Amino acid sequence: MIREITNKYEPKTLEKDIRNYWDSINAYPRSRQLRAGSTDFYFVDGPPYTTGHIHLGTAWNKIIKDSILRYKSMNNFHVRDRAGWDMHGLPIEVKVEEMLGFKSKKDIEEYGVDQFIAKCKEFAIRHKDEMTQQFKDLGVWLDWEDPYMTLKDEYIEAAWWTLKQGHDKGLLERGKRVVNWCPRCETAIADSEVEYWDEEDPSVYIKFKVKDEENTYIVIWTTTPWTIPANIAVAVHPGFEYSKIRAWKDNKDASEVLYISTSLVEHVLKQGRYTDFETLDRMLGEDLLELSYDNPLSDKVPAQAGFDHNVYMADFVTAENTGIVHIAPGHGMDDFILGVEHELPIFCPVCPDGRYTSDAGEYEGKYVKDVDELILSDLEERGNLLKKGMVSHRYGHCWRCKTPIIYLATRQWFLKVSDIKDEMLSEIEKVAWYPDWAGSARFADWVSGARDWCISRQRYWGIPLPIWICDECTEEEVIGTMKELQERSNLEGDLDLHRPNVDNITITCKCGQNMKRVPDVFDVWFDSAVASWATLNYPREHEDFDKLWPADFITEGHDQTRGWFYSQMGASMIAFGRAPYKNVLMHGFTLDDAGKKMSKSLGNVVSPGEVMDKFGADSLRFYVLSSNAPWEDLKFNWDEVSTINRMVNIFWNVYRFPLPYMVLDNFDPSVVTYDSVKSHLRPEDRWILSRLNSLILSVNEAMDQYNLHRATRPISDFILEDLSRWYVQLIRPRTWTEGDDPDKLAAYWVMYEVLVKIAKVIAPFMPHLAESIYQNLVHNLDPDSPKSLHMCDWPVVEDALVDTGLEKQMDTIRNMVEAASNARQKVKRKLRWPVRKIVVSPENEQVAQAVESLMSVLLEQTNCKEIMILGSDETWDELGLEAVPQPKAIGPAFKGDAGKVIAAIGSADVISMRDALVNSGEYELEIAGETVTITSGMVRFNETIPEHIASAGFSGGLVYVDAMLTREIESEGYAREVIRRLQDMRKELDLDVEERIKAIVLIKDERILDLVLDWEAHIADEVRTKLLVISMDVEPEGDLVKEWDVEGTGMKMSISKIS
RNA sequence: GGGCCCAUAGCAUAGCCAGGUGGUGCGCACGGCUGAUAACCGUGAGGUCCGGCGUUCGAAUCGCCGUGGGCCCA
């Protein structure tokens, strides 16, 4: 049996019950198994990092995934969807360090690496479990029971195996490079781990003394004075013009000679407060090559004495500051490249912890970021400081601990991505990107600028680099699997592949000596990079990989362009030479309602839990899916969520509305079928069925393009506009009839059909609500039906039921009803009062036809007794016509008599005047016995509308509402006024629908009493009275007595229960 | 400094690719309905379509230059 439902939509309990039900029947695994054997749809979950609670963006991400997968599954795809977790890396180490109160790597070493690793693992697993629950609460169906986890052995093997492929292909390289370095974490960090924001730093102009030229200097500019001890060269642009100038401050005798870019001479001199200058020479950058200079701090940094300091050419020099760039090959990317090119010393006198080494002489032991002031005063002492100031500029920071990064030249392991860049670019074109520019513009741009990927980290909690190096002969070997490691190390059984255990495993080199593992771990981005095969347990197992890989679909936020989209592409190119995915949907970010990033410091963070608490998961889901195109940033707005919630609530009411009647009538959809009601379908029934099928079609089209907003918005429109505001209003009277009325059964069948199909259509987006409707309306009646809606097939569009012409007609009718209602307001006639007549002046034949075929709907919805349709040139004869004289035309023609003519036009017969002017263009007007002829330009005609008639326009023409009162209409109107008030009183007493009452109505006005009495029997029926007294002398008394003012007439009514 | 995206009423959005009188929802004001009723419906007021320049008979739409926001990079 169909059951009635609660009055209010209560998502929290409903959703919880549904999730419990899913658990109890194993709905998720069954729904997947059901499709085994069908076409596979291989989805790879971008693994969230296990640091704690999910935020709105993560929720949105999983909601998109879940909606698409549910849709695919209902469309008979066999969905593969292991959830994934990113569980290694510096972020977790940093959190654990914070918990343990650690400040540096020394603390970790003292605490014990094995214990530290254990803490990290515990942290990752605990958070994975917490986050799993939060995702489940959103109704997200992924394989939560058997997720892929980057810390598992089989996963680590996938990473190892991939690196081995890189090694075999000659793409793995160990080399000294300048890397982003976090001096707190004491590790290299990837470009993608650097976070930029504005910071105040010194802005200094420094003079380097030119060798063998008295009092002559090259002027450079820098924001990192601490790199001056490591200065090896300066660079100029070969094409720029430079000037050699003599400059002085007030006293020309104390002048200096300076080399500066010509265009910047004045700027620099202003900085140094020089008062005047003269140009000695001008030259191109390339002419500066023979200059050499002294490092100003060479007395403090003895190692500098051993270096030459010369000028070099570089294209990266810009015409800013001085046009000459200070080069420290140990401390800058460009500097390093220039240094390698010219075989300069890569001088890097800084330790991993950011303190100077003994190579830095007197600066040894000082933290580089602390010595800026000291170095500046040393420079000043030596007369090398031209200007010191401050500047606010973008500076990089470790994105975990927020420490400003420095650049250090260190030995690291690299994957030579730059070697395979072109292949990557051509693979990008083979992938379908949604939206297109995510791949063709954005991703392609990032890849074309890609540099070699530094994959080594000097840390603990990560996948250890599987590289073993011989102590003796420096032979390198990369291990690809655990089995390989067992063989090479002569160890048996499962090996712990994490640090520190794996650090102790040695293997024997060809040369007979021991090989030791390099101590580094992988950059954590490499972990998730291998997800598309690691989640299939490749290379340990091959079967799934051969069948499924590459992924059919992935989706992540646009920050992952440089992240997971890229890391996967890189790793896959190395391992397999092709893209690891076929379709990529890039989604946006969640921002606050002002479009600002949500952040703890701004205090504008909204958690998904908060939203679910207020409105439930389904409303949150529908909100994030419908409010934006997926690839646009979502400005979270509470009001909009609440609007969605209102829509869902209306849907709940729509669903609830027919249930009491169906229950009362024992409606059974297995007996009442389409065939049995087919011949009783009204036009509005056929209309809503057509709309329903058209809706499914548009949802299909949108979903095929992953356009979730274009799928969900029409659903919401359908529910509000078509179902709630129209269809339910239309069928209301039919549900009231008693007995086996075929007209009523037809309405039931249609409503049932619509609800069941809509439940299926909303299933991907609002899975809980959809399931609960399905359980009540389908599974509840038919135990053989699938146990869950999410095991059902997606509804097929029934072309035979689609009638777009009818949809258009209904649209017209609705506009007409609106116009009529508008016109009623103008004559102040409530809808409760019938009107005598509505006249439609249609714009074209289609509109007229719409009125003809949907006449019944129009009559009912406008509460009107008769509809009249005018022909194309016809005007309604009850409208008056008014002649408006045109003085502009009359004046010149009649001069002094114009006034008389105007007056005569006003009193002439309007109809015959118009007819004559239309037919012949002339009209004979009589003025005081004389006849004058006027022409058509002299008069304009306006329709005049009588007071009881109002008109309003609509998209297809004009409607006139004739609200003239007749006795019948007044009588019906007053009767309905009385009925409404008695119903109101019933409700106030909270009576049952079926309950019978006694009612007394006292109306002192005899005329109105008389009018109401015409409808006495009808009133008694409508308000279910056993005894009804309507009179002018029986005093109302009983359970509830009220006085009313009905259109200015006082009435007193009472109702009482009859026991 | 560079790449990509975004900017339309108080708020949120459609329209932009394929130029032709800018729609819709929320909120607001007024009104209606009355056994979906702590629900629902109608009407109305609200727009230099971010700014400027250009192309065109005509620009929210196309182009260029700015401004602001987002992501990514240097």
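All values below come from the heavy atoms of this structure, side chains included, with hydrogens, waters and symmetry mates left out. Just so we're clear, the structure is a prediction, and the values are computed from it rather than from any experiment. A note on names: the letters A, B, ... follow the listed sequences, proteins ahead of strands, and every chain is numbered from 1.
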Report, one pair per line, the protein and nucleotides 3-7 of chain B atoms (nitrogen or oxygen only) whose separation is under 3.5 Å.
from : atom 1 : to     : atom 2 : distance (Å)
B/G3 : O2'    : A/D445 : OD2    : 3.4
B/C4 : O2     : A/R442 : NH1    : 3.3

Working to the nearest 0.5 angstrom, can you tell me the gap between A/F565 CZ and A/Q568 CD? 8.5 Å
RNA chain B in dot-bracket form (Watson-Crick or G-U pairs under 3.5 Å, [ ] crossing, | inter-strand) is (((((((..((((......[..)))).(((((.......))))).....(((((..]....)))))))))))).
Syn/anti label of B/G46 as read from its glycosidic torsion, with the cut at 90° from 0: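 Because its glycosidic torsion lies within 90° of 0, B/G46 adopts the syn conformation.
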Any ion pair linking A/R710 and A/E701 (charged N to carboxylate O, less than 4.0 Å)?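 A salt bridge is absent here (no side-chain N lies under 4.0 Å from a carboxylate O).
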Ion pair A/D722/A/R691, N-O distance below 4.0 Å: yes
Would you mind classifying the nucleic acid contact of [X] as base, sugar-phosphate or nothing, using non-hydrogen atoms under 4.0 angstrom?
| X | value |
| --- | --- |
| A/Y566 | nothing |
| A/S724 | base |
| A/R814 | nothing |

Detail all sub-3.5 Å separations between protein N/O atoms and N/O atoms belonging to nucleotides 23-33 of chain B.
from  : atom 1 : to     : atom 2 : distance (Å)
B/C26 : OP1    : A/R646 : NH2    : 2.7
B/C33 : OP1    : A/R832 : N      : 3.4
B/C33 : OP1    : A/R832 : NE     : 3.3
B/C33 : OP1    : A/R832 : NH2    : 3.4
B/C33 : OP2    : A/R832 : NH2    : 2.7

For A/T561 against A/F443, the heavy-atom pair lying closest together: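 Heavy-atom minimum between the residues: O-CE1, 3.2 Å.
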Can you tell me how far [atom2] of [N] sits from [atom1] of [X], to the nearest Å?
| X | N | atom1 | atom2 | answer |
| --- | --- | --- | --- | --- |
| A/L625 | B/U13 | CG | P | 15 Å |
| A/F657 | B/U34 | CZ | P | 15 Å |
| A/F622 | B/A12 | CZ | C1' | 15 Å |

Earlier contact from the 5' end, RNA chain B, for A/A819 and A/N628: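 It is A/N628 whose nearest nucleotide is closer to the 5' end.
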Nearest-nucleotide comparison on RNA chain B, the residue closer to the 5′ end among A/Q560 and A/N649: A/N649
I'd like the P distance from B/G19 over to B/U67, given in whole Å.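 One P to the other, the span is 30 Å.
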